[in-house]
Amino acid sequence: MKLFFGEIFPEVRIDEDEQQHILKVLRMRAGDEITLTDGKGNGACGRLILEGKKVTLGNVQILSAAPPFSPHLHIAIAPTKNIDRTEFFVEKATEMGISEITFILTEKSERRNLNFDKIQKQITAASKQSLRFHFPKVNNLTKLSDFVQKQYSEHTFVAHCDPAFERTELNQIPSLEKITFMIGPEGDFSPAEIKMLADAGIKAVSLGGQRLRTETAGTFVAAWNYGKMI
């Protein structure tokens with residue numbers, strides 16, 4: 001959805017793909033009430049006007065801008081070899097209010113390319129399903145070393161399985177307005193990477209006694225953060 005504010009009444013334009021979704025998937029009819037968002041916190045409510053295959057909105061009421069989710073959760077995660085597992089994480093984390101996702105490249109990463117158009121469509125669908133007014137930001141594939149250089153260690157944590165390093169329990173992490181979690185690939189981060197993270201002041205976190213798959217660990221962290229939001 002795109003919002004445009006005129007001198008008297010705001011105008012709402014609905015993208016063509018969304019028009020088809022309203023007609024063919026939602027099967028809505030003229031006069032039905034619908035709420036739309038641009039994914040940036042803006043929303044509008046109105047009644048559908050159908051002119052053939054064209055869908056517009058009448059009796060428009062602009063909704064108050066929704067505040068961003070707090071805490072702001074950023075998960076940096078290595079894409080899984082089986083792309084379905086990565087897509088599962090993206091969908092569930094979006095529904096539970098994640099604010100930002102970065103896909104990282106590590107020494108053991110087996111997947112080094114992603115279809116970002118498809119991922120963005122999944123995020124849009126999951127956001128609409130969960131009635132989000134703020135869609136999560138998705139960043140391009142980034143080398144682990146490059147990602148670490150841009151992080152503040154005070155609110156950045158890594159979940160790895162190396163018992164040689166001290167790990168904090170998840171429930172002992174203090175409340176923060178912004179928090180970043182790093183999740184490694186199948187087979188975990190390499191010993192050299194774990195040492196690099198420790199040297200950068202990034203604290204290690206335990207996600208419990210069980211060893212979790214990459215997408216499970218990411219979803220678990222999203223659920224943990226979601227519990228702080230509600």
Side-chain angles (χ1 to χ4, degrees), residues 68-116 118-127 129-130 132 134-144 146-148 150-151 155-162 165 167-173 176 178-190 193-194 197 202-230:
F69 287 118
S70 181
H72 178 286
L73 175 63
H74 180 185
I75 292 183
I77 189 168
T80 54
K81 182 178 180 181
N82 182 340
I83 193 60
D84 290 345
R85 298 186 183 279
T86 295
E87 293 173 356
F88 173 88
F89 157 74
V90 168
E91 179 182 81
K92 302 311 175 188
T94 297
E95 291 180 14
M96 289 185 284
I98 192 172
S99 296
E100 188 171 357
I101 300 171
T102 297
F103 294 102
I104 52 175
L105 292 172
T106 70
E107 289 184 22
K108 297 182 182 179
S109 292
E110 294 192 58
R111 175 172 290 278
R112 295 182 172 269
N113 57 79
L114 288 168
N115 184 337
F116 279 93
K118 183 177 181 181
I119 288 174
Q120 191 60 60
K121 288 180 180 179
Q122 290 174 324
I123 284 176
T124 300
S127 295
Q129 168 67 31
S130 55
R132 288 189 62 157
H134 284 275
F135 295 179
K137 177 183 178 183
V138 181
N139 301 313
N140 289 329
L141 282 164
T142 305
K143 290 182 179 179
L144 177 64
D146 293 339
F147 181 81
V148 171
K150 299 178 181 179
Q151 303 308 305
H155 59 73
T156 303
F157 301 84
V158 58
H160 64 67
C161 302
D162 193 334
F165 291 81
R167 289 176 290 170
T168 303
E169 294 297 326
L170 192 60
N171 59 11
Q172 293 179 356
I173 293 177
L176 299 166
K178 292 186 176 182
I179 189 166
T180 299
F181 270 91
M182 304 173 67
I183 309 292
E186 294 100 332
D188 206 0
F189 295 104
S190 71
E193 289 172 333
I194 293 173
L197 295 170
I202 295 175
K203 298 178 180 65
V205 173
S206 170
L207 301 185
Q210 301 296 110
R211 184 164 59 184
L212 306 180
R213 293 177 187 238
T214 295
E215 75 281 2
T216 307
T219 305
F220 182 83
V221 171
W224 168 80
N225 190 70
Y226 181 63
K228 293 178 174 292
M229 293 166 48
I230 59 177

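The figures here come from the full heavy-atom set of this structure, side chains too, leaving out hydrogens, waters and symmetry mates.
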Could you tabulate the donor-acceptor pairs under 3.5 Å formed by side-chain atoms of residues 76-84, not counting sequence neighbours?
unit_1 : atom_1 : unit_2 : atom_2 : d
T80    : OG1    : N82    : O      : 2.7
T80    : OG1    : T86    : N      : 3.2
T80    : OG1    : T86    : OG1    : 2.8
N82    : OD1    : D84    : N      : 3.0

_Rounded to the nearest 0.5 Å, what separates atom NZ in K228 from atom CD1 in I179?_
7.5 Å
_Does K121, at its NZ atom, have more than 12 non-hydrogen atoms belonging to other residues, nucleotides or ligands within less than 6.0 Å?_
no
*With sequence neighbours excluded, what pairs up with L105 under the side chain to side chain contact (heavy atoms under 4.5 Å, CB included) test?*
R112, L141
*Let me see the working for Q122 and E91 under side-chain contact (heavy atoms from CB on, under 4.5 Å), right down to the final yes or no.*
CA-CA 6 Å; Q122 290 174 324; E91 179 182 81; 5.7 Å; no
*asked:* I need the H74 NE2 to N139 CG distance, nearest 0.5 Å.
replied: 5.5 Å
*Indicate the atoms forming the closest heavy-atom contact of C161 with R167, along with that distance.*
CA-NH1, 3.6 Å
_So, taking the atom named OG1 in T124 and the one named CD1 in I119, what distance separates them when rounded to the nearest 0.5 Å?_
12.0 Å
*Worked verdict on Q120 versus F116 for side-chain contact (heavy atoms from CB on, under 4.5 Å)*: CA-CA 6 Å; Q120 191 60 60; F116 279 93; over 6 Å; no
*Closest heavy-atom pair and its distance - F69, S99*: CB-OG, 4.2 Å
*Quick one: closest heavy-atom pair of A126 and T94, and the distance?*
CB-CG2, 3.7 Å
*asked:* Please find the pair of heavy atoms, one from F89 and one from I98, that lie closest to each other, and give the distance.
replied: CZ-CD1, 4.3 Å
*NE2-OG distance between H134 and S127, expressed to the nearest 0.5 angstrom*: 11.0 Å
*Separation of D162 CG from E193 CD (nearest 0.5 Å)*: 12.0 Å
*Return the set of residues passing side chain to side chain contact (heavy atoms under 4.5 Å, CB included) with Q151 (not counting sequence neighbours), or none when no residue passes.*
F147, T156, T180
*Would D188 and R211 count as a side-chain contact (heavy atoms from CB on, under 4.5 Å) if you check the C-alpha gap in whole Å, the side-chain angles of each, and the deciding distance to 0.1 Å?*
CA-CA 10 Å; D188 206 0; R211 184 164 59 184; over 6 Å; no
*Would you mind checking if K92 and E215 are paired as a salt bridge, meaning a charged N to carboxylate O distance below 4.0 Å?*
no
*Could you walk me through whether M182 and L144 pass the side-chain contact (heavy atoms from CB on, under 4.5 Å) test, one step at a time?*
CA-CA 9 Å; M182 304 173 67; L144 177 64; 3.1 Å; yes
*Side chains of T106 and S109: do they bring a donor and an acceptor to under 3.5 Å?*
yes
*Does the side chain of L197 come within less than 4.5 Å of F165's, by heavy atoms?*
no
*Shortest non-hydrogen contact from V221 toward L73*: O-CD2, 4.1 Å
_K108 versus S190, closest heavy-atom pair with distance_ = CE-CA, 4.1 Å
*For atom CZ of R213, decide whether the heavy atoms of other residues, nucleotides or ligands shown that lie under 6.0 angstrom number more than 12.*
no
*F220 side chain reached by L170 side chain, heavy atoms, under 4.5 Å*: yes
*Do T142 side-chain atoms and N140 backbone N/O form a donor-acceptor pair below 3.5 Å?*
yes
*Euclidean distance, E186 CD relative to R85 CZ, rounded to 0.5 Å*: 7.5 Å
